[in-house]
Amino acid sequence: MTENFVTKPKIIAIVGPTASGKTAYAVELAKKLNGEIISADSRLVYRGFDIGTAKPDVEERQGIKHHLIDVVEPEEDYSAGLYEKHAKKAIEDILNRGKVPIVAGGTGLYFRVLLENWDLPEFDPDVELRAELQKLSNLQLLDRLRELDEAAALEAQLADKKKIIRAIEIIKNTGLPLNEARRLKAPEYDVEWIGLNLPREDLYEKINKRVDIMVENGLIEETQKLLNKHGRIKNIIETIGYKEITAYLDGTLTLEEALEKLKQNTRNYAKRQLTWFNKNEEINWLVAK
RNA sequence: GCCGCAAUAGCUCAGUUGGUAGAGCAAGGGACUGAAAAUCCCUGUGUCCUUGGUUCAAUUCCGAGUUGCGGCA
C-alpha cells in the first residue's frame, strides 16, 4: 500500500448567494451527518461584524461547531491565503475527530482556493509596496506594469487600480509574470457541491426584507459601536451594510436612502456571487425553501 | 371654467433647425489566483401620451383630446 491509493477526504460544500438559506441548510445537514461547519465568508471572520453580516448566533448554530468565524479583529487584514491555511487545518481537525467537514459560505474566491484548483502565489501580501503604489496614478501604474510584465499590462483595465497593483506586486515578489504566477493545482478533497438559490425576484425580495430585519435588530447601533471602537477603517466602510449606515450617520444620506442603497448593493453583490458559482459545473443546485 | 407649462427607456431627464432617438441611475451578462461583501469590463427598439392636419416624410410644426403640475377665477 502506498499513499497513491489513499482516497481523498470527503467534504461537503454549500454555496449560494447571500440570503439563499445556506446557514440553516448547513446546520441541518451537520446535525444529520455528524458534521461541523467551516464558514467560507470573508466578513464573518471579523469579530463584532454580527448583525450586518447575518452571522449565525448561538441559537442558529444549534450546538453545531462553526469554524472560521470571529477569528480576527476588524483592523487585521484577512486574506484568501490565510483562509486557505486556517480552513485546511480546521478540516484536518474535523476529520481526525471522525466528523464530516461542511464548508458553507458565499465568498467565491475562498472556494476556488480551498476546494477547487487555484494555486495562489506563495508570498505574504506586500503591504508596503501596495501603499507606495497606491499613490501613483493609474496611468503611471500601467506604465510601470508594462515594463515588468507586458502581457499583463495589455490585459489590464486602466481603471482597475487594484488589479494593476496586484500584478506589479506579484512580479516583484515572485519574478513571475501574471500568466505564469496563476497556477492550477490538483484538488485535495473529494467535494460534494450543493448550491442554494432562488428565482431572482424571490431572492431580491428576501434580501430587501432581511435588511429591514437587520435594522430592527440593531444594525445602526452596531455600526455606531464599530465606528466608536475602531474608527473608519477599511474593513468597516468597505462592508455592505456598515458602508451605507455610516453614510447615514454622517448625514450624507437619509435613513431611507441609506437602506435603499444597502438593499441595492446587496442585490448587486448576490449577482456577483452567482457569477462565481455558475462557473462551477459540479454544483448540484437545489431550490431553497 | 379660463390661461400657461409638461407628457421620450423601469426612474430622472436630454435631443431631433421635420429623415423614427441618447445620457445618468436601475436592470441583465461577464471577469477575478493572498484586499474579494473588494475591484473592474460589456449590454440601450422605446406605440418619443392619443388623434386629426400640413408634408415625399411628423416623436419634432399646427389643431383637438387625455392626464399631470402651476396660476387666475
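Everything numeric here is computed off the predicted structure, so don't read it as measured data. Order of the sequence lines sets the chain letters (A, B, ...), proteins ahead of strands, with each chain counted from 1.
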Residue Lys163(A), side-chain heavy atoms: nucleotide from A35(B), A36(B), G34(B) that is nearest: A36(B)
Test: Glu28(A) and Lys32(A) ion pair at under 4.0 Å: no
Below 4.0 Å: OP1/OP2 of A35(B) and any side-chain N or O of Tyr78(A): no
Touch class at under 4.0 angstrom, heavy-atom based, for Arg200(A) against every strand present: sugar-phosphate
Residues Tyr269(A) and Gln273(A): side-chain donor-acceptor under 3.5 angstrom: yes
Spacing of Leu274(A) atom CG relative to G30(B) atom P, expressed in whole Å: 9 Å
Under 4.0 angstrom between Tyr204(A) side-chain N/O and G28(B) OP1 or OP2: yes
Closest listed nucleotide, where the reference is the side chain of Trp118(A) and the choices are C32(B), C41(B), A31(B): C32(B)
Separation of G34(B) P from Leu129(A) CG (nearest whole Å): 14 Å
Integer angstrom distance from the P of U54(B) to that of G63(B): 15 Å
4.5 Å side-chain heavy-atom contact, Phe111(A) and Leu115(A): yes
Sugar-phosphate, base or nothing in reach of Asp119(A), heavy atoms under 4.0 Å: base
Closest non-hydrogen atom pair, Arg166(A) against Pro121(A): NH2-CG, 4.3 Å
Touch class at under 4.0 angstrom, heavy-atom based, for Thr53(A) against every strand present: base
Touch class at under 4.0 angstrom, heavy-atom based, for Asn235(A) against every strand present: nothing
Gap between atoms CZ and C1', on Phe49(A) and A35(B) respectively (whole Å): 13 Å
SB check Arg267(A) Glu260(A) (cutoff 4.0 Å): yes
Nonpolar side-chain network containing Leu129(A), other nodes, edges under 4.5 Å: Leu133(A), Leu136(A), Leu139(A), Leu141(A), Leu142(A), Leu145(A), Leu148(A), Leu158(A), Ile164(A), Ile165(A), Ile168(A), Ile171(A)
Rounded distance in Å - CD (Glu238(A)) to C1' (A36(B)): 10 Å
Separation of G34(B) C1' from Lys85(A) NZ (nearest whole Å): 8 Å
Nearest-angstrom distance from the residue atom CG of Leu109(A) to P of A35(B): 8 Å
Residues Thr18(A) and Arg210(A): side-chain donor-acceptor under 3.5 angstrom: yes
Any side-chain donor near an acceptor of the partner, Glu222(A) and Tyr242(A), under 3.5 Å: yes
Sugar-phosphate only, base, or nothing, as touched by Gly241(A) at under 4.0 Å among non-hydrogen atoms: nothing
Sugar-phosphate, base or nothing in reach of Leu184(A), heavy atoms under 4.0 Å: base
U60(B) - base-pair partner by Watson-Crick or wobble geometry, distances under 3.5 Å: none
Between G22(B) and C48(B) - C1' atom distance, rounded Å: 12 Å
Any Lys279(A) side-chain N or O less than 4.0 Å from OP1/OP2 of A31(B): yes
Distance in angstrom units between Ile233(A) CD1 and A35(B) C1', rounded: 13 Å
Ring centroid separation His230(A) to Tyr46(A) under 6.0 Å: no
Sugar-phosphate only, base, or nothing, as touched by Asp41(A) at under 4.0 Å among non-hydrogen atoms: base
C1' gap between G15(B) and A9(B), integer Å: 14 Å
Touch class at under 4.0 angstrom, heavy-atom based, for Phe123(A) against every strand present: base
OP1 or OP2 of A36(B) under 4.0 Å from side-chain N/O of Arg43(A): yes
Lys185(A) and its salt bridge (Lys or Arg N to Asp or Glu O under 4.0 Å) partner, picked from Glu84(A), Glu116(A), Glu122(A): Glu84(A)
P spacing across the pair C62(B) / A7(B), given as an integer number of angstrom: 14 Å
Length of the CD1-P vector between Ile168(A) and A35(B), whole Å: 15 Å
Cationic N near anionic O, under 4.0 Å, Arg130(A) to Asp77(A): no
Glu75(A) atom CD, over 12 foreign heavy atoms within 6.0 Å: yes
For nucleotides 10-12 of chain B, list the nitrogen or oxygen atoms of the protein found under 3.5 Å from its nitrogen or oxygen atoms, one pair per line.
none

Short side-chain N/O contact to C32(B) OP1/OP2 from Arg112(A), under 4.0 Å: no
Sugar-phosphate only, base, or nothing, as touched by Lys271(A) at under 4.0 Å among non-hydrogen atoms: base
Pick out the pairs of N or O atoms, protein on one side and nucleotides 24-26 of chain B on the other, that lie under 3.5 Å.
unit_1, atom_1, unit_2, atom_2, d
A26(B), OP1, Gln264(A), OE1, 2.9

